[in-house]
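Heads up, the thing below is written out as structure tokens.
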Amino acid sequence: MADVTADGGGADVLRGQGCAVILLGPPGAGKGTQAQRIAQRYLLPHLSTGDMFRDHIQRGTDLGRKAKPLMERGELVPDAIVLGMVEDRISQPDCERGFVFDGFPRTIQQADDLEGICKRHKLGFTIVLYLVVNPELLVRRLTGRRICKASGHIYNVYERPPKREGFCDLDGSELIHRADDSEAVIGERLSAYDRQTQPLVEYYKLRGLLSSVDAMAEADTVTKSIVGILDGAKAF
Ligand code: AMP
């Protein structure tokens, strides 16, 4: 099989029609890792609402000040705030031909609003990749996650450790451990997922947009499954 993460390897497949790719699944399912790879292969912007909030917090904006305490407790940020931020981001020219969402939508309200957004952007289709992982693995994935401060590249000290502990293989930058990836907050994040986000599985299944992906396997295998689905999506 060809290199599944090759830059632009599948660009024509998705960008020709305009596509919203949504990664759905609990915290720790691998949404960030897979979203980075899909974005690279299909030349679509990777839109992580969690990253957008962390950027606001770092810049000390009003929005960041509102989101920070909620994120620290593992709760969701209110829909109105998330939706305003997403609308702003996807009005940028790089989003004209589609995007890869990671961590959005997370509530039925967000999903309903996204439908309107996709219509306004005249996107040809929406595809939801549901990453299925057994719950025991999630805590291990979250506590083991480390993120490159500079590039955002994601490692896992158990499954995909960096060559040199604490530093990125790609650019040597420091790796960080997110405060909300601590066991104290993970429980609340997982229960917020069960209460508010899991219903989206049924929501998208009913609309015929959901493709389930076995995300228990190692990252490369999961990427191959996803590429198979997205390349095949040409058909609908
Ligand atoms: P993530 O990086 O996707 O794990 O998100 C980190 C945190 O940001 C979440 O625990 C929420 O507090 C907040 N967040 C990110 N995306 C959303 C969203 N779509 N709706 C509400 N809160 C969000």
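The analysis underlying the following values was restricted to heavy atoms, covering all of them including side chains, and did not include hydrogens, waters or symmetry mates. Atoms within each ligand, like the ligands themselves, are counted from 1 in listed order.
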**Item:** Residue pair Gly103 / Lys31: nearest heavy atoms and the distance that separates them
**Value:** N-CE, 4.1 Å
**Item:** Passing candidate, side-chain contact (heavy atoms from CB on, under 4.5 Å) with Ile22, options Leu114, Asp102, Val100
**Value:** Leu114
**Asked** Can an N or O of Phe104 be found at a distance shorter than 3.5 Å from an N or O of ligand 1?
**Response** no
**Prompt:** Which part of Leu76 is near ligand 1, with near meaning a heavy atom under 4.0 Å away: side chain, backbone, both or neither?
**Reply:** both
**Request:** Pull out every atom of ligand 1 sitting under 4.0 Å from any heavy atom of Arg189, numbered as shown with elements.
**Result:** 4 (O)
Determine all donor-acceptor pairs shorter than 3.5 Å in which one atom belongs to a side chain in residues 158-165; sequence neighbours excluded.
| unit_1 | atom_1 | unit_2 | atom_2 | d |
| --- | --- | --- | --- | --- |
| Glu159 | OE1 | Arg141 | NE | 3.4 |
| Glu159 | OE2 | Arg141 | NE | 3.3 |
| Arg160 | NH1 | Ile154 | O | 3.1 |

**Asked** Which atoms from ligand 1 have a heavy atom of Thr49 less than 4.0 Å away?
**Response** 15 (C), 16 (N), 17 (C), 19 (N)
**Message:** Out of all atoms in ligand 1, which are within 4.0 Å of some heavy atom of Arg54? Include the element for each.
**Reply:** 2 (O), 6 (C)
**Asked** What is the nearest protein non-hydrogen atom to atom 12 (O) of ligand 1, stated with its residue, atom name and distance?
**Response** Glu75 O, 2.6 Å
**Prompt:** How far is atom 7 (C) of ligand 1 from its nearest protein heavy atom, and which residue and atom name does that atom have?
**Reply:** Met71 CE, 3.7 Å
**Request:** Examine Phe53 against ligand 1 and note whether any of their N/O atoms are separated by less than 3.5 Å.
**Result:** no
**Asked** Does the distance from a Lys or Arg side-chain N to an Asp or Glu carboxylate O, for Asp171 and Lys149, drop under 4.0 Å?
**Response** no
**Request:** Pick, from Glu72, Arg106, Arg145, the option with the minimum heavy-atom distance to atom 1 (P) of ligand 1.
**Result:** Arg106
**Request:** Write out the residue and atom name of the closest protein heavy atom to atom 22 (N) of ligand 1, then the distance separating them to 0.1 Å.
**Result:** Val77 N, 3.0 Å
**Asked** Can you tell if the side chain of Leu47 reaches within under 4.5 Å of the side chain of Val86, non-hydrogen atoms only?
**Response** no
**Message:** Are any of the N/O atoms on Gln110, whether in the backbone or the side chain, positioned under 3.5 angstrom from an N/O atom of ligand 1?
**Reply:** yes
**Prompt:** Are the side chains of Gln92 and Pro45 in touch, meaning some heavy atoms are under 4.5 Å apart?
**Reply:** no
**Request:** Among all protein heavy atoms, pick out the one at the shortest distance from atom 6 (C) of ligand 1; state its residue, atom name and that distance to 0.1 Å.
**Result:** Arg178 NH2, 3.5 Å
**Prompt:** Does Arg189 make a cation-pi contact with Tyr193, if we ask for NZ or CZ under 6.0 Å from the ring centre and within 45° of the axis?
**Reply:** no
**Charged N-O contact under 4.0 Å between Arg195 and Glu188** = yes
